[in-house]
Number of protein chains: 2
Amino acid sequence: MTFKDPSHQDVMTIREMCDAYDVTPRTLRFYEAKELLMPIRQGTRRLYTRRDRARLALILRGKRFGFSLEDIRQTLDLYDRESGNVVQLQRTWILAQERLEAMRAQRAELDIAIDELQRELEASTPLLAAVAKAAE
Amino acid sequence: MTFKDPSHQDVMTIREMCDAYDVTPRTLRFYEAKELLMPIRQGTRRLYTRRDRARLALILRGKRFGFSLEDIRQTLDLYDRESGNVVQLQRTWILAQERLEAMRAQRAELDIAIDELQRELEASTPLLAAVAKAAE
DNA sequence: AGCGTGCTTGACGTTAAGGTAAGCGTAACG
DNA sequence: CGTTACGCTTACCTTAACGTCAAGCACGCT
């Protein structure tokens, strides 16, 4: 029968992860040291599960928005169920709430900046064209 | 006559700048070293003009979006007229164009992330409430 | 003349997020 | 059985963006 190779049951090696997410091994080990990922070990080797992959995706996205790894680590737990005690869970919830607000604010400001830069570009386009023609 | 004090003609000291924009002197000097600002000198002291203030505002906003100072420096010139030769101007224009694209992409992703986090928060709210009640 | 206050330069420290290199283990390949 | 490939750890290096601290001008006041 050609079922899934059971030795490969839904986990990935570090190389596969790197190729899939375009990061280096160093980065994955670093995230692990910072307790953002906790791959299982088979002997000494790391094996990344579905959960690790989900977390990595969230981490990378968080980074793209300029959040620090520490910031990210603290919100990450919200995406896992059953994490810790009630107080900790509430704290996480509040943090996430704040993060959401921050993102909304960022989005608003981004809108303005986009608008402004666009106007600036449009305004300078004819000038640029004129100068380019004059230089010919 | 109580016109504007001519000795203060629209320029600010470093302290005033710091208070107005909530940055440290070190930061302003650092930006100057990196050629993002060029305040005029009155003896050894720095005096910041209208133009410097406009640039600083742009710098700070750029930073909030996660752009590096070097990135920012390169686009900044677009907001000034009469900057350099044609080739340089074209290069700046292209850079700005790319930056605009980057910002649009960032906004799109940000929208998704906001949505996702919001859903996650909404989904976990009842759970949190239940747990909190059970712990009482 | 002395003093305090603000500003200056310069040098060194710090933090985040990795890069890079050295040395070892092991597993598969030919 | 040697070597090639991949993985592991440890340790040091790097860059950006400032912080911090020292030492020295330049005033305005008394």
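None of these values were measured; they are calculated from a predicted model. Chain identifiers are assigned alphabetically (A, B, ...) following the order of the sequence lines, protein sequences preceding nucleic acid strands; residue numbering begins at 1 within each chain.
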- Message: Let's see if you can work this out: which of C/dT8, C/dA17, D/dC8 has an atom nearest to the side-chain heavy atoms of A/R45?
- Response: D/dC8
- Phosphate contact (C/dG18 OP1 or OP2) by A/K63 side-chain N/O below 4.0 Å: yes
- Do any side-chain nitrogens or oxygens of A/T24 fall under 4.0 Å of OP1 or OP2 in C/dG18? no
- Message: So, OP1 or OP2 of C/dT9: does either fall under 4.0 Å of a side-chain N or O from B/T44?
- Response: no
- Message: Would you say B/R29 places a side-chain N or O within less than 4.0 Å of OP1 or OP2 belonging to C/dA11?
- Response: no
- Query: In whole angstrom, what separates B/L47's CG from C/dC7's P?
  - Reply: 11 Å
- Message: Check this for me: does any side-chain nitrogen of one of A/D115 and A/R119 sit under 4.0 Å from a carboxylate oxygen of the other?
- Response: yes
- Message: Check this one for me: any side-chain N or O of A/R46 less than 4.0 Å away from OP1 or OP2 of D/dC8?
- Response: yes
- Item | Short side-chain N/O contact from A/Y31 to OP1 or OP2 of C/dA17, under 4.0 Å | no
- Message: Between B/T27 and D/dG19, is there a contact of a side-chain N or O with OP1 or OP2 at under 4.0 Å?
- Response: yes
- Mapping B/I14 and A/F30 to their closest nucleotides on DNA chain C, which lands nearer the 5' end? B/I14
- Message: With a 4.0 Å cutoff (strictly under), does any side-chain N or O of A/R73 reach OP1 or OP2 of C/dA17?
- Response: no
- A/I59 reachable from A/L95 in the ILVMFWY side-chain graph, under 4.5 Å edges: no
- Correct closest heavy-atom pair for B/C18 and B/P25 would be SG-N, 3.3 Å
- Contact under 4.0 Å: B/K34 side-chain N or O vs D/dC18 OP1/OP2: no
- Message: Of the options C/dC7, D/dA11, D/dA17, whose atoms approach the side-chain atoms of B/R15 most closely?
- Response: C/dC7
- For the pair made of CD in A/E32 and P in D/dT10, what is the distance, rounded to whole Å? 12 Å
- Side-chain heavy atoms under 4.5 angstrom apart, residues restricted to Ile, Leu, Val, Met, Phe, Trp, Tyr: same cluster for B/I14 and B/L60? yes
